[in-house]
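This report refers to the structure that appears directly beneath it.
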Number of protein chains: 2
Amino acid sequence: MKLTTKGRYAVTAMLDLALHDNNVPVNLADISTRQVISLAYLEQLFSRLRKEGLVSSARGPGGGYKLAKAASEISLSQIIDAVDESVDATRCGGQMNCQGEEQCLTHDLWEDLSTQIRGFMTGVTLADLTSRRSVKTVSQRQNAIPMVQH
Amino acid sequence: MKLTTKGRYAVTAMLDLALHDNNVPVNLADISTRQVISLAYLEQLFSRLRKEGLVSSARGPGGGYKLAKAASEISLSQIIDAVDESVDATRCGGQMNCQGEEQCLTHDLWEDLSTQIRGFMTGVTLADLTSRRSVKTVSQRQNAIPMVQH
DNA sequence: GCATAACCTAGTATTTTAGTAAAGTATTAT
DNA sequence: ATAATACTTTACTAAAATACTAGGTTATGC
């Protein structure tokens, strides 16, 4: 799992969509204006989001995008995975032919970390965000990742 | 908090250091060979790690790098922060002059997420990794982030 | 049939990543 | 002292990812 601004743009746009989703499709031009993301860049992102089945589109006047499922069914990990093609985090290309166990230790380590963070992102849905529960609150739910003491 | 291959290189190198740290400094050429990272790139990374006080260096023959503190005192978040200069995740430059509350919602959201992930990374130290406890095990400790059910 | 808005393709500037190259500085074993 | 070792610094470069631009096409509601 990679965390970059690209994924953040996608989450931002999807959140905008979730907040304005009242049966009427939302067009990208509006999202572009509201979230200050270029229209063409949004088109690229939504092309992927559509291919992953996270949004559905309607063409023509009054057209636009809608969430393809309930906001409670769309997790942050789904959104980020849709736009950030996954990097192969393993140096050995997943073929386990690394020299010695040290390198595989690092390999396993990073996979573990990725799993942890993905798990966290999977536990937070768009519905959680629109209901303005803080991420901290969400993460303290039964089925999600409680947070570290500070 | 940004998660890229750069940070992974740094963690890998630091883990190599931790595994070979028996009073004798470890030189970068050895790490380069073992972890298959170019020497000059390691030099760039270690320059930052040294400035952040995570490693100490010894020059001259037999010189190299050592951990500046105990492996149990060095967390993954420290390593990643040292090499990946933090991005300003807020569109408004932290000045809170965003138009309307929607944009600030996203802004807060991403800061929350960052805090969560940083918290997780702070809970995992080099000592945890060298002791070959899996990240999952570590994350299930009292003071760290338990993981999501799968 | 016309405006709207998704969809598609290609290109491009910028930044980041990862690595090279070269010259220099400090340390220390001999 | 001196050579060897090894870090330090600077500058440069190739490749990739990011963010955006331009120009078109296709579908559709009015």
Side-chain angles (χ1 to χ4, degrees), chain A residues 1-13 17 20 23-52 54-68 80-89 91, chain B residues 1-13 17 20 24-33 35-68 80 82-89 91:
Chain A
M1 171 141 281
K2 199 169 53 166
L3 278 192
T4 65
T5 49
K6 195 177 188 177
R8 195 173 66 232
Y9 275 124
V11 171
T12 301
L17 200 54
H20 293 88
N23 293 335
V24 211
V26 180
N27 68 65
L28 293 189
D30 288 350
I31 298 181
S32 172
T33 306
R34 280 195 295 260
Q35 304 304 330
V36 197
I37 306 171
S38 87
L39 178 60
Y41 196 46
L42 279 175
E43 282 175 349
Q44 280 179 35
L45 297 178
F46 273 81
S47 168
R48 300 209 191 192
L49 293 169
R50 195 176 62 88
K51 275 167 194 152
E52 292 298 316
L54 298 179
V55 297
S56 61
S57 61
R59 300 176 118 178
Y65 287 96
K66 292 171 60 175
L67 297 183
I80 291 170
D81 282 341
V83 296
D84 278 332
E85 61 267 11
S86 67
V87 224
D88 179 18
R91 210 125 184 66
Chain B
M1 171 142 279
K2 199 169 53 167
L3 278 192
T4 66
T5 51
K6 193 176 190 179
R8 195 172 67 233
Y9 276 124
V11 171
T12 301
L17 241 198
H20 293 87
V24 211
V26 181
N27 68 64
L28 293 189
D30 288 351
I31 299 181
S32 172
T33 305
Q35 306 304 331
V36 198
I37 306 171
S38 87
L39 178 59
Y41 196 45
L42 279 175
E43 283 174 348
Q44 281 179 35
L45 297 177
F46 274 80
S47 169
R48 299 210 192 191
L49 293 169
R50 196 178 63 86
K51 273 167 195 152
E52 292 298 316
L54 299 179
V55 297
S56 60
S57 62
R59 304 176 110 170
Y65 286 96
K66 292 171 62 175
L67 297 182
I80 292 170
V83 297
D84 278 330
E85 61 268 12
S86 67
V87 224
D88 180 18
R91 210 122 184 69

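Throughout, protein chains are lettered first and strands after them, A, B, ... in sequence-line order, and every chain is numbered starting at 1.
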For a 4.5 angstrom cut-off between non-hydrogen side-chain atoms, does [X] reach [Y]?
{"X": "Leu54(B)", "Y": "Arg48(B)", "answer": "no"}
{"X": "Leu3(B)", "Y": "Ile80(B)", "answer": "yes"}
{"X": "Tyr9(A)", "Y": "Val83(A)", "answer": "no"}

Any side-chain N or O of [X] under 4.0 Å from OP1/OP2 of [N]?
{"X": "Arg59(A)", "N": "dT25(D)", "answer": "no"}
{"X": "Ser57(A)", "N": "dC7(C)", "answer": "yes"}
{"X": "Arg48(A)", "N": "dC8(C)", "answer": "no"}
{"X": "Thr4(B)", "N": "dT16(C)", "answer": "no"}
{"X": "Tyr41(A)", "N": "dT14(C)", "answer": "no"}

Check every atom of [options] against the side chain of [X] and return the nucleotide holding the closest atom.
{"X": "Asn27(B)", "options": "dT21(D), dA6(C), dC7(D)", "result": "dC7(D)"}
{"X": "Ile37(A)", "options": "dT20(C), dT9(D), dC20(D)", "result": "dC20(D)"}
{"X": "Gln44(A)", "options": "dT18(D), dC7(D), dT21(D)", "result": "dT21(D)"}

To the nearest angstrom, how far is [X] atom [atom1] from [N] atom [atom2]?
{"X": "Asp30(B)", "N": "dC7(D)", "atom1": "CG", "atom2": "C1'", "value": "14 Å"}
{"X": "Ile80(B)", "N": "dT16(C)", "atom1": "CD1", "atom2": "P", "value": "18 Å"}
{"X": "Leu28(A)", "N": "dC8(C)", "atom1": "CG", "atom2": "C1'", "value": "14 Å"}
{"X": "Ile31(A)", "N": "dA5(C)", "atom1": "CD1", "atom2": "C1'", "value": "13 Å"}
{"X": "Leu39(B)", "N": "dC7(D)", "atom1": "CG", "atom2": "C1'", "value": "10 Å"}
{"X": "Leu45(B)", "N": "dT16(C)", "atom1": "CG", "atom2": "P", "value": "16 Å"}
{"X": "Leu42(B)", "N": "dC7(D)", "atom1": "CG", "atom2": "P", "value": "10 Å"}
{"X": "Lys6(A)", "N": "dT16(C)", "atom1": "NZ", "atom2": "C1'", "value": "14 Å"}

Exercise. Please evaluate the base of dC7(C) for a donor-acceptor partner in the side chain of Glu43(A) within a cut-off of under 3.5 Å?
Key: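 Check passes, donor-acceptor contact within cut-off.
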Quiz item: For DNA chain C, whose closest nucleotide is more 5', that of Ser47(A) or that of Pro61(A)?
Solution: Pro61(A)
Quiz prompt | Gap separating the CG atom of Leu17(B) from the OG1 atom of Thr12(B), nearest 0.5 angstrom | solution =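 These two atoms lie 12.0 Å from each other.
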Self-check item: Within residues 52-66 of chain B or reaching into it, pairs that qualify as side chain to side chain donor-acceptor pair (under 3.5 Å) - sequence neighbours excluded
Solution: none
Practice problem: With heavy atoms under 4.0 Å as the rule, sort Ala29(A) into base, sugar-phosphate or nothing. | Solution: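 Since no nucleic acid heavy atom lies under 4.0 Å of Ala29(A), the category is nothing.
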Practice problem: Have a look at Tyr65(B) and say if it touches a base, only the backbone sugar-phosphate, or nothing, with a 4.0 Å heavy-atom cut-off. | Solution: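 Result for Tyr65(B) = sugar-phosphate.
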